[in-house]
K.L.:
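Take this structure first; my questions come after.
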Amino acid sequence: MKKTIKIAVVIIPILWIFHTLSKNFIVDPNFETFISRKEEILTNRDLWTFMIRIHILLAVLSLLTGPLGVLKKIRIKSLSFHRWNGRLYVISIILNFIPGVYVSFFATGGWLSILGFLILNILWLGTTVLGYWYIKGRKVTLHRQWMLRSFFLSFANMTIYIVVAIAHHVIHIPYGTSYTLAVWLCWLLNLIAAELVIRKNVFH
């Protein structure tokens, strides 16, 4: 079971990165499909597009560096690489806070979705900063636990995609309601998954 989780931690981010980049930079680079589903009016579409692109690229960086940081074999093989990779991961999330918060205010589903996204952004930044803080204090176990929570929150967009697909296309819940539900479940379910992985001591 532990080996399966470790393999998934490497393969899933790679697949999701290919999906995200192809969808948002090749198939629909102007986000026409996504914007067409929005009930909110974009006050400055060019600024929103710029911010969402930065948000996506920084999220991709976190998904590239995250798996390399949690795998023990890589950490043992080169502690120096682990540290520099970790710094890139932390920086990608800190820099992503501003574009993440900005696009949150134009989320589909109104104020409930906005609130859900704001909580997600605060949790993602908070867990990451705590993880960094603990390693600076040489508290390795706490560092690993908080970084795992942060890493699992990096999959929030994927969780949103899955929940919306099930709720809207399978159960036929209206898109706006499905999206709002997904925004709240994306950080709640991911944190629960992180806690289960931590309790099982998968990455030690």
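Just the heavy atoms: all of them, side chains too, but no hydrogens, waters or symmetry mates, feed the values below.
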K.L.:
In the structure I gave you, are the side-chain heavy atoms of T49 and N30 within less than 4.5 Å of one another anywhere?
P.N.:
no
K.L.:
Kindly compute the distance separating OG (S62) from CG (L58), expressed to the nearest 0.5 Å.
P.N.:
8.0 Å
K.L.:
Got F50 and D46 here, is their nearest side-chain heavy-atom distance under 4.5 Å?
P.N.:
no
K.L.:
Going from CG on L115 to CG on L120, what distance comes out if it is rounded to the nearest 0.5 angstrom?
P.N.:
11.5 Å
K.L.:
Looking at side-chain heavy atoms only, is the closest gap between Y179 and V183 below 4.5 Å?
P.N.:
yes
K.L.:
Would the distance check show the side chain of Y89 and the main-chain N or O of L68 forming a donor-acceptor pair, the cut-off being under 3.5 Å?
P.N.:
no
K.L.:
Taking C-beta and beyond as the side chain, do W184 and I119 meet within less than 4.5 Å on heavy atoms?
P.N.:
yes
K.L.:
Report the residue from T108, T180, T177 that forms a side chain to side chain donor-acceptor pair (under 3.5 Å) with S113.
P.N.:
T180
K.L.:
Using a cut-off of 6.0 Å, state whether more than 12 heavy atoms not belonging to F18 lie near its atom CZ.
P.N.:
no
K.L.:
Honestly curious: do I122 and L130 fall in one hydrophobic cluster under the side-chain, below-4.5 Å linking rule?
P.N.:
no
K.L.:
For a 4.5 angstrom cut-off between non-hydrogen side-chain atoms, does R75 reach L71?
P.N.:
no
K.L.:
Could you give all pairs that pass the salt bridge (charged side-chain N to carboxylate O under 4.0 Å, His left out) test and reach residues 145-172, with sequence neighbours left out?
P.N.:
R149-E195
K.L.:
Roughly how far, to the nearest 0.5 Å, is OG of S92 from CG of L57?
P.N.:
11.5 Å
K.L.:
Before giving the answer on side chain to side chain contact (heavy atoms under 4.5 Å, CB included), spell out for H55 and I52 the whole-Å C-alpha distance, their side-chain angles and the decisive distance to 0.1 Å.
P.N.:
CA-CA 5 Å; H55 178 59; I52 196 73; 4.2 Å; yes
K.L.:
Looking at OG of S154 and CG of N96, how far apart are the two atoms once the value is rounded to the nearest 0.5 Å?
P.N.:
9.5 Å
K.L.:
Using the rule given for side chain to side chain contact (heavy atoms under 4.5 Å, CB included), can you reason through L64 versus I17, listing the C-alpha separation, both sets of side-chain angles and the distance that settles it, and then say yes or no?
P.N.:
CA-CA 8 Å; L64 283 172; I17 286 169; 3.6 Å; yes
K.L.:
Let me know which of L63, I160, L189, V9 forms a side chain to side chain contact (heavy atoms under 4.5 Å, CB included) with F155.
P.N.:
L63
K.L.:
With hydrophobic residues grouped by side-chain heavy-atom distances under 4.5 Å, do L191 and F151 end up in a single group?
P.N.:
yes
K.L.:
Around atom CD1 of I192, are there more than 12 heavy atoms from other residues, nucleotides or ligands closer than 6.0 Å?
P.N.:
yes
K.L.:
Answer yes if F152 and I198 sit in the same cluster of Ile, Leu, Val, Met, Phe, Trp and Tyr residues linked by side chain heavy atoms under 4.5 Å apart, and no otherwise.
P.N.:
yes
K.L.:
Would you please classify the geometry between the W16 ring and the Y161 ring as parallel, tilted or perpendicular, with 30° and 60° separating the classes?
P.N.:
perpendicular
K.L.:
Walk me through whether T141 and R144 qualify under side chain to side chain contact (heavy atoms under 4.5 Å, CB included).
P.N.:
CA-CA 5 Å; T141 300; R144 184 169 61 247; 4.0 Å; yes
K.L.:
Identify the two heavy atoms, one from I173 and one from H168, that lie closest to each other, and give their separation to 0.1 Å.
P.N.:
O-ND1, 2.9 Å
K.L.:
Measure up the Y134 and W146 rings against each other and bin them: parallel (under 30°), tilted (30 to 60°), perpendicular (over 60°).
P.N.:
parallel
K.L.:
For the CE atom of M51 and the CZ atom of F106, what is their distance to the nearest 0.5 Å?
P.N.:
9.5 Å
K.L.:
Should I162 and I171 be counted in the same cluster of Ile, Leu, Val, Met, Phe, Trp and Tyr side chains packed under 4.5 Å apart?
P.N.:
yes
K.L.:
Taking all non-hydrogen atoms of both residues into account, name the closest pair between A156 and N190 and its distance.
P.N.:
N-ND2, 3.5 Å
K.L.:
Looking only at non-hydrogen atoms, find the nearest pair between T128 and M147 and report the distance.
P.N.:
O-CE, 3.7 Å
K.L.:
Shortest non-hydrogen contact from S150 to W124?
P.N.:
O-NE1, 3.2 Å
K.L.:
In terms of heavy-atom contacts, does OH of Y175 have more than 12 from other residues, nucleotides or ligands at under 6.0 Å?
P.N.:
yes
K.L.:
Classify the side-chain pair N121/S104 by whether it contains a donor and acceptor separated by less than 3.5 Å.
P.N.:
yes
K.L.:
My understanding is that only residues two or more places apart in sequence, or in another chain, count here; which of them pass salt bridge (Lys or Arg N to Asp or Glu O under 4.0 Å) with R45?
P.N.:
E32
K.L.:
Could you tell me whether the side chain of N85 and the main chain of T65 form a donor-acceptor pair under 3.5 Å?
P.N.:
yes
K.L.:
Any chain of hydrophobic side-chain contacts (each under 4.5 Å) joining I94 to W187?
P.N.:
yes
K.L.:
Taking the side chain as every heavy atom from C-beta outward, state whether T20 and I56 have any atom pair closer than 4.5 Å.
P.N.:
yes
K.L.:
With rounding to the nearest 0.5 Å, note down the distance linking CZ in F81 to CD1 in I74.
P.N.:
6.5 Å
K.L.:
So F25 and R53, do their side chains get closer than 4.5 Å, heavy atoms only?
P.N.:
yes
